[in-house]
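Below you'll find the structure, written out as structure tokens, and then a few comments.
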Amino acid sequence: MSDSPLPLASALHEPVLRWYAANARTLPWRDPSAGAWAVMVSEFMLQQTPVARVLPAYEVWMERWPKPADLAGEAPGEAVRAWDRLGYPRRALRLHAAARAIVEQHGGEVPDDHAALLALPGVGTYTAAAIASFAFGQRHAVVDTNVRRVFARALTGTAQPSISPTAADQRLAVSALPQDEPTAARWAVATMELGALVCTARTPRCADCPIRSQCAWVLAGSPQYSGPPRKGQTYEGTDRQARGRLLAVLRAATGAVSKADLDACWPDQLQRERALDGLVADGLVDPLPRNRYALPA
DNA sequence: TACGCGTGGAT
DNA sequence: TATCCAAGCGT
């Protein structure tokens, strides 16, 4: 595949970059004084959690652990506790493990190398590219759900991107990347922001879009989504909810809790035991002697 | 590739 | 009220 910009994509660069310069949100991890650790913490927290809910937890976190070594010196359970109700608490465990790896393998500094980032716990394709691009100004295709949606509409002409990320998404994002490194980095954050603020999933604000006159989907008449149905996940009564209840009890406790305290938070015993076993298997809960449980030490 | 993994705001 | 969906990752 050619690495040169598609003609259509290159025509989007200038309006999208201009739009971003005028409309970007002020976010703490975008402040010029925020380092790579700040970017990394924000990226972990933002994996499947909205900005508005991340902001308060992020502030507390960075105040308490301003450097990777500060977090690495804590018990993993403290990271889980500080994760509060952001959801998917395994991310907290992975961020803690990543901080320890950074201390042990990278002298306490977040590495700027994409492959080294990818090797860290909890860092996948997206997060490695995001840190390398946002924190270090490198040229990478940063492909999240926002970017996939913007490109699906603007370039492919479909209402929604594929349900799960595809190699084609990645290739398209690479082909659309500006050649110049700093411009590519601004393009990455700008396309994400456009997807987050204007080219939204449910009700896109096409009237406010800087590329509406070039958007393949708009030019096709904004056809409705016609792909396979997206599986809406229920939550009430699931193992996930049971795990959340159990972990909430442990987060609220100062030290260890009794089995009876855990039993009180979920009625279905079979499901409760399965959820607790899962939390222990994931390293989110330490089983202790005398039938007691605690966040991992 | 498909699935499991939290939580809560918006529509 | 029920459904959608939010800067994914690991297995």
Side-chain angles (χ1 to χ4, degrees), chain A residues 24-25 27-30 38-58 80 83-95 97-98 117-135 140-150 159-170 173 188-197 199-205 225 228-251 266 271 274-275 277-279 281-285:
Chain A
R25 289 169 292 182
L27 298 170
W29 46 86
R30 286 181 183 165
V39 172
M40 181 168 165
V41 169
S42 75
E43 289 303 334
F44 270 71
M45 291 184 169
L46 289 163
Q47 291 168 1
Q48 300 284 278
T49 302
V51 167
R53 209 139 51 83
V54 161
L55 281 168
Y58 169 87
V80 175
W83 201 251
D84 197 33
R85 303 184 71 81
L86 291 180
Y88 294 146
R90 293 188 294 194
R91 291 181 292 165
L93 230 38
R94 291 172 183 150
L95 181 52
L117 288 165
L118 198 52
L120 296 172
V123 177
T125 306
Y126 161 77
T127 302
I131 296 171
S133 180
F134 303 160
H140 295 280
V142 182
V143 184
D144 76 329
T145 188
N146 289 304
V147 169
R148 294 201 311 119
R149 189 175 54 250
V150 169
Q160 301 291 347
S162 54
I163 290 177
S164 51
T166 65
D169 296 335
Q170 196 69 27
V189 70
T191 48
M192 278 182 63
E193 191 77 339
L194 186 65
L197 297 183
C199 194
T200 54
R202 203 87 73 89
T203 311
R205 300 167 172 83
Y225 176 72
R230 324 220 144 203
K231 54 172 189 289
Q233 77 273 34
T234 55
Y235 183 59
E236 280 294 316
T238 59
D239 285 13
R240 280 188 200 181
Q241 189 183 26
R243 287 167 56 107
R245 290 272 187 85
L246 291 166
L247 212 53
V249 171
L250 288 158
R251 275 198 311 262
W266 193 260
Q271 189 175 35
R274 184 170 66 231
D277 287 349
L279 288 170
D282 287 346
L284 285 162
V285 173

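Numbered from 1 within each chain, the chains take letters A, B, ... in sequence-line order.
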Taking only side-chain N and O atoms of [X], does any of them lie within less than 4.0 angstrom of OP1 or OP2 on [N]?
| X | N | value |
| --- | --- | --- |
| Q48(A) | dA6(C) | no |
| R85(A) | dG8(B) | yes |
| R90(A) | dC9(C) | no |
| T238(A) | dG4(B) | no |

Once you round it to whole Å, what is the distance between [atom2] of [N] and [atom1] of [X]?
| X | N | atom1 | atom2 | result |
| --- | --- | --- | --- | --- |
| R91(A) | dG8(C) | CZ | C1' | 9 Å |
| R230(A) | dA2(C) | CZ | P | 23 Å |
| R149(A) | dC5(C) | CZ | P | 9 Å |
| L284(A) | dG6(B) | CG | P | 7 Å |
| R245(A) | dG6(B) | CZ | P | 14 Å |
| W83(A) | dG8(C) | CH2 | C1' | 11 Å |

| Any donor-acceptor N/O pair under 3.5 Å between dG6(B) base and T49(A) side chain |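 Indeed there is one.
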
| request: Provide the distance between the two P atoms, one in dG4(B) and one in dA7(C), to the nearest whole Å. | output: 22 Å

| Taking atom P in both dC9(C) and dG8(B), what distance in whole Å separates the two? | 23 Å

| Nearest to the side chain of Y126(A), which nucleotide is it out of dA7(C), dG10(C), dC4(C)? | dA7(C)

Base, sugar-phosphate, or nothing: which does [X] touch, judged by heavy atoms less than 4.0 Å apart?
| X | value |
| --- | --- |
| F44(A) | nothing |
| V147(A) | nothing |
| T145(A) | sugar-phosphate |

| task | State, with a plain yes or no, whether a side-chain heavy atom of S133(A) is found less than 4.5 Å away from one of V189(A). | result |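 Side chain of S133(A) against side chain of V189(A), heavy atoms only: no contact under 4.5 Å found.
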
| query | On DNA chain B, nearest-nucleotide positions of L86(A) versus P165(A): which is more 5'? | reply |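 Going by which nucleotide is closer to the 5' end, it is P165(A).
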
